[in-house]
A.B. asks: 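Pasting in a structure now, in structure tokens, and then I'll have a few things to ask.
The figures that follow rest on heavy atoms only: side chains count, while hydrogens, waters and symmetry mates do not. Lettering follows sequence order; numbering is per chain, from 1.
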Amino acid sequence: MATALVQMSQVNKKFPGVNALADAHFELLPGEVHALVGENGAGKSTMMKILVGIYAKDSGQVLLEGKPVNITNPKAAEAAGISIIHQELNLMNDLTVAQNIFIGREPRKWLPFIIDEKKLVANAQQLLSDLHIDLDPNEKVENLSVAQQQMAEIAKALSFKSKVLIMDEPTATLTDREINELFRIIRDLRSRGVGVVHISHRLEELKQISDRITVMRDGHTIETLQTKDASIDEVIRLMVGRTIFQESPGIPENPSKEVILEVKNLNRGRLVQNVSFKLHRGEVLGFAGLVGAGRTEVLRAVFGADKPRSGTIAVKGKEVKINSPSAAVKNGIGYLSEDRKRFGLATSMDVQTNISLTVISRLSDKLGRVNFGKIKALAEKFVKQLGVRTPSITQLVQFLSGGNQQKVAIAKWLNADTEIIIFDEPTRGIDVGAKSEIHHLMNDLAAQGKGVIMISSELPEILRMSHRIVVMCEGRITGELPGGVSTQEEIMTLATQRVGAKAA
Amino acid sequence: MSQTATKRKGFGATGRNALQRLLAFSALILMVIIFSFASESFLTPSNIVGILIATTVIGILALGVTFVIISGGIDLSVGTVMTLSAVMTAIFITNLGLPIPIGILAGVITGSIAGWFNGFLIAKLNIPPFIATLGTLFVARGLALVLSDLAPIYFNDAPEFNLIAMGSIIGSVIPAFPVPNIVLVFFAMAIICGFILNRTTLGRYTYAIGSNEEATRLSGVNVAMWKMAIYALGGCLAGVAGVVLAARLNSAQPSLGFGYELEAIAAAVVGGVSLRGGQGTILGTVIGAFVISTLTNGLRILSVPQEWQIVVTGLIVILAVYLDIVRRSREPGAT
């Protein structure tokens, strides 16, 4: 067996509150396509970011072609022959393909600051044809499709004479035809002895392209399989096979059959395709799927934050037109965004102001003078009701913990007489105790007859909380499962069910 | 897969950008036609020379602003930096009695240092460009007033300064068109700037930083250093504008210059330089400068009061920025 290009062993990495990697290991051989899979947060990206020096490891060993290395920044990684293509492309749209590939390394003529444009284009042309990539080096990147931009990135990465190429979800936004083209290039690289790490959620696609599959879960390397011997079912089992939540499932009975929200044939771009679903009064409806499946996009469209191309929305049986968040609020729909700090709360203002923000006009007189007494009373009521742990209602929200910030955000919607509340990743980044409180709160809301929609990437949470689970993949709803009795495997199977491919 | 190869050699000139230039150019032609019909005195040699002179200072400022805006920044200080440079030149020539070339150099260096200072605030101290250059605007204005003792400084002992600037090489060949030499300085600057923007590393990184600063940094380009260079170049051109203005007026006027920055920015934006960075050309900016000066000139000839000319200039800026936003929002891939 040839010396491994990359050998990572016993790598540990802690982030505040999370063990991102625990004794993880990974091996990449020359001329191999190695798939790295795992649920969101399993540690795949962290491991690769350590390899290219974006993160520093806490402990562990990294060998490059048998020799120990300590790569501390992306430039050093490039010099060592390791390139990474991030999920978000890193190109300069206003420059051409050739200019992008050689940015910072332009050939010069006459004087050290004058660019030899002819040579630049010729070099790029040479590189592209070596890689059998059909791109015009003079084309501006903004005129390229996503797939073509990706190929430009690959060309740029390989212009450093990389021996290791890491691709983080390269196919997430590509069409099938584009994926085939990308795979052709990957196979071509493999035949030249380049080691390719392919991070992806599309399991059936990994069957086509990879030689080996390493499964990660909760920061551990679970197993490395030969692709030809592995079944997709087995990979899924390894990915999700953790001990389920400590607490027993607590889904209350919901007798109501009243449909409080009905969405029909909603369309918006590639992440919202023909989406239809119903929400009942008193129900917690879970939206499961992988990152980028289009869950947030669907509910943003429902909330009026993005304009759908087509589709209808009915609230309590009456069709409504929601073209802005304020229209959604008028119809009793509230939305707690994924990124509380950016969208949900004015963190530099105090608790009472945030709680009253949605109803401040109701607490003011006809001249617009705000009644601070009412605001205070309202804020105190909610702080007590939701158990917000804050020294006072005049505390600035930025000084509260994540869980308490989330409660303030929830209070904001409760007092707006919201009947439908959308929670987008409500417990991400908050500690276990607060998490459980928020779960109870969601149950309470449902019990009071509100409709709750919860987007979560955490499968145990989805399973434990939801009456029904809608699973999405690539902008489509791929199935609906009953809560409580379904399994993580069932969700993962639906969540990876791509168009034109059936999960085995 | 690849579309028809664009044979264009330079960069920064997309179809859309070319369209905006064409639009600006059409607007210029249209204005010329309208103003010529409206007033007999518009299309006369003396008025044309007047427009050329009026374009010079704004045009040179706009060239520097073009680099800054393409890099994704903004420079509000160019107007008063220009004034400070003019005052510096006057101090060197009149107060210190030094030769004219030294005075010119002093003005240009003053501008460059002010520009570098902007770049330092922005790239090293991470102060937002709008605020940093607004601060510099007042610093430069104040310094100009302090150094000049609040009074204009005249070049009484160096009459050649004004003679060289306002003399006309072209006029000695075509006597009907006594285009003063400062106009040639503007065109020379435009050609140099075009070369820098299209053929050198500084130009390349100007587009790259404006297009995607983070990606440029990740590509190993020393973004902070190049930003300082870009602002220094903008300041250098403000210095040149200051020298030209001083020579034209045969004096350094310490209270002048306020408001020039907006006209310069307007010229660049009208010419297709995108305020979001990454796009723009020197040719566009030159056309934009002519649009602004022709409009001002035409309105004056039509006896529109100066207050209203200011209003119109403001509206033109808003219109140009709006066109830029419309252009950008139609971009493919933008959702």
A.B. asks: Mark yes when over 12 heavy atoms from residues, nucleotides or ligands other than B:Phe130 sit less than 6.0 Å from its CZ; otherwise mark no.
C.D. replies: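 12 or below, so no.
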A.B. asks: Under a 4.5 Å cut-off applied to non-hydrogen side-chain atoms, are B:Arg204 and A:Phe102 in contact?
C.D. replies: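 Counting from C-beta outward, B:Arg204 and A:Phe102 never come under 4.5 Å.
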A.B. asks: Rounded to the nearest 0.5 Å, what's the gap from CD on B:Gln279 to CG on A:Asn93? Could you check?
C.D. replies: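 The CD atom of B:Gln279 sits 9.5 Å away from the CG atom of A:Asn93.
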A.B. asks: For A:Ile101, which atoms come within 4.5 Å of any heavy atom of chain B: side chain, backbone, both, or neither?
C.D. replies: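 For A:Ile101, neither part sits under 4.5 Å from chain B.
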A.B. asks: Do you know which two heavy atoms are closest between A:Arg105 and B:Tyr205, and how far apart they sit?
C.D. replies: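 Looks like N-OH, 4.3 Å.
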A.B. asks: To the nearest 0.5 Å, what is the distance between CZ on B:Arg199 and CG on A:Asp116?
C.D. replies: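 Nearest 0.5 Å value for the CZ-CG distance: 10.0 Å.
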A.B. asks: In Å, rounded to the nearest 0.5 Å, how long is the span from CG of A:Asn100 to OG of B:Ser211?
C.D. replies: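 That separation rounds to 7.5 Å.
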A.B. asks: So which part of A:Leu91 gets closer than 4.5 Å to some heavy atom of chain B, the side chain, the backbone, both or neither?
C.D. replies: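 When you check distances to chain B, only backbone atoms of A:Leu91 fall under 4.5 Å.
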A.B. asks: Roughly how far, to the nearest 0.5 Å, is CG of B:Asn212 from CD1 of A:Ile103?
C.D. replies: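 Going from CD1 on A:Ile103 over to CG on B:Asn212, the span is 10.5 Å.
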A.B. asks: Can you tell if the side chain of B:Ile196 reaches within under 4.5 Å of the side chain of A:Phe113, non-hydrogen atoms only?
C.D. replies: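 Counting from C-beta outward, B:Ile196 and A:Phe113 never come under 4.5 Å.
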A.B. asks: Could you walk me through whether B:Thr201 and A:Ile115 satisfy the side chain to side chain contact (heavy atoms under 4.5 Å, CB included) test, starting with their C-alpha distance in whole Å, then the side-chain angles of each, then the deciding distance to 0.1 Å, before giving a yes or no?
C.D. replies: CA-CA 6 Å; B:Thr201 44; A:Ile115 296 171; 4.0 Å; yes
A.B. asks: Under 4.5 Å heavy-atom distance to chain B, tell me which part of A:Lys109 shows up: side chain, backbone, both or neither.
C.D. replies: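 The answer is neither part of A:Lys109.
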A.B. asks: Output the distance between atom CE (A:Met92) and atom CD (B:Glu213), rounded to the nearest 0.5 Å.
C.D. replies: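 A:Met92 CE to B:Glu213 CD: 11.5 Å, rounded to 0.5 Å.
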A.B. asks: Should the heavy atoms of other residues, nucleotides or ligands under 6.0 Å from NZ of A:Lys163 be counted, would the total exceed 12?
C.D. replies: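 Check fails, neighbour count at 12 or below.
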A.B. asks: CZ of A:Phe160: more than 12 outside heavy atoms within 6.0 angstrom?
C.D. replies: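 Yes - once you tally the heavy atoms of other residues, nucleotides and ligands closer than 6.0 Å, there are more than 12.
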A.B. asks: When rounded to the nearest 0.5 angstrom, what distance separates CG in A:Asn90 from OG1 in B:Thr216?
C.D. replies: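 It comes to 9.0 Å.
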